[in-house]
Number of protein chains: 2
Amino acid sequence: MGPTLVRQMLSTLSERGHRLTRPRQTVLRVIEASPEGFTARQVYQATRRRGIRIGLTSIYRTLNLLVRHGLIQEVHRENGEHRYLACEANHHHHAVCMACGRILDFEACGLEDLTRRVARTTRMAILGHRLELFGQCQDCRKR
Amino acid sequence: MGPTLVRQMLSTLSERGHRLTRPRQTVLRVIEASPEGFTARQVYQATRRRGIRIGLTSIYRTLNLLVRHGLIQEVHRENGEHRYLACEANHHHHAVCMACGRILDFEACGLEDLTRRVARTTRMAILGHRLELFGQCQDCRKR
DNA sequence: ATCTGTGCAAAGGTTTTGCAGGGGA
DNA sequence: TCCCCTGCAAAACCTTTGCACAGAT
């Protein structure tokens, strides 16, 4: 990810009649620097580390706005906290152990064909996907 | 799904040293009757309709137990409420509109190869998966 | 100048935890 | 009998909402 991402998001929001406020720009810059995804609280803490005070409320509102516009997506939920990922971010997925919660990454998913097929069937513009595998890791299987 | 599912879940729990209490059995029977998935609250209401009083707490604890043992999985979150699905349930996935939240189903996913590949790489026993596509539905695209 | 966006505080809702008592094995 | 499981109540938690003010266009 690079400055391209922020510029693209800013222009999308602007085109659609949203104001490019300081809080929104700050959130976007944090997202840009979080290739592994982020939670609302992480964005909040990151902005504070940068010496900028933004209310948690605005973080949530901005994230919801970005989701509605298809710029970020919710990818995972850990301990009741949502994890988001920029739609253009480097593409990977999770294999989650249902017993201990351990998360392993994997890359290739080969969903391009499926995506095209579903787009045709449902007449939706498919912008991203979430794929998670569930199972039991080696340690938990041994008990 | 059929009685097989309940029997299988019961024996799995039993084998692993858990007690087959009345609340747990009731929850399993509700799950069996919910091929489209269920939320904690729906399980709660369904048990009450059957004239059986179980605390919401026990529902949550039972669901968490079943998840840890790989018998059910969390498939979706709507308005902060988790939706679960028995791992052996009829297999389908969701395409979610990021703007209005509309959900469309689709079936084929063709992840068998990927599953095998990841199982080999990560040494996890893969028991299920969640796949969701995100995008914008026809109506929301028109604005 | 207008009207969207922000921040605070408080509400809202789901899920978890503590603890005393009950019921499987 | 033993100890896991249950149920209630309360806590903990993330997220949303109401309202007055600030700031982008």
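What you see is a predicted model; the values in this text were computed from it and never measured. Labels below follow one simple rule: chain letters A, B, ... track the order of the sequence lines, proteins then strands, and each chain is numbered from 1. Just so you know, these numbers use all the heavy atoms, side chains as well, and skip hydrogens, waters and symmetry mates.
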Grab the [atom1]-[atom2] distance between [X] and [N] for me, whole Å please.
X       : N      : atom1 : atom2 : result
A:Ile59 : C:dC8  : CD1   : C1'   : 15 Å
A:Tyr44 : C:dC8  : OH    : C1'   : 11 Å
B:Leu13 : C:dG24 : CG    : P     : 16 Å
B:Asn79 : C:dT15 : CG    : C1'   : 16 Å
B:Leu56 : D:dT6  : CG    : C1'   : 13 Å
A:Arg48 : C:dG7  : CZ    : P     : 11 Å
A:Gln25 : C:dT4  : CD    : C1'   : 15 Å
B:Arg53 : C:dG22 : CZ    : C1'   : 15 Å

Handout entry: Most 5' of B:Tyr84 and A:Leu65 on DNA chain C, judged by nearest nucleotide
Key =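 Here A:Leu65 is the residue nearer the 5' end.
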
Problem - Mutual orientation of the aromatic rings belonging to B:His69 and B:His18 [parallel < 30°, tilted 30-60°, perpendicular > 60°] - result: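 B:His69 and B:His18: perpendicular rings.
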
Does a side-chain N or O of [X] approach OP1 or OP2 of [N] to a distance below 4.0 Å, or not?
X       : N      : answer
B:Tyr60 : C:dT15 : yes
A:Ser58 : C:dG5  : no
A:His82 : D:dC14 : no

Test item: [X] and [Y] side chains (from C-beta on) under 4.5 Å apart, heavy atoms:
X        : Y        : value
A:Phe106 : B:Thr122 : no
A:His92  : A:Glu36  : yes
B:Val27  : B:Ile59  : yes

Exercise for the section: Heavy atoms under 4.0 Å is the rule here; annotate nucleotides 17-25 of chain D 5' to 3' with B where the base is hit, S where only the sugar-phosphate is, and - elsewhere. Expected result: BB----BBS

Problem - Closest non-hydrogen atom pair, A:Cys137 against B:Met124 - result: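 Looking at all heavy atoms of both residues, the closest pair is CA-CG, 3.5 Å.
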
Problem - Main-chain N/O of B:Tyr44 paired to B:Arg49 side chain as donor or acceptor, under 3.5 Å - result: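 Here the side-chain-to-backbone pair does not exist.
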
Exercise for the section: Check whether any side-chain N or O of B:Thr12 sits under 3.5 Å from a backbone N or O of B:Gln8 as a donor-acceptor pair, and report yes or no. Expected result: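 Yes.
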
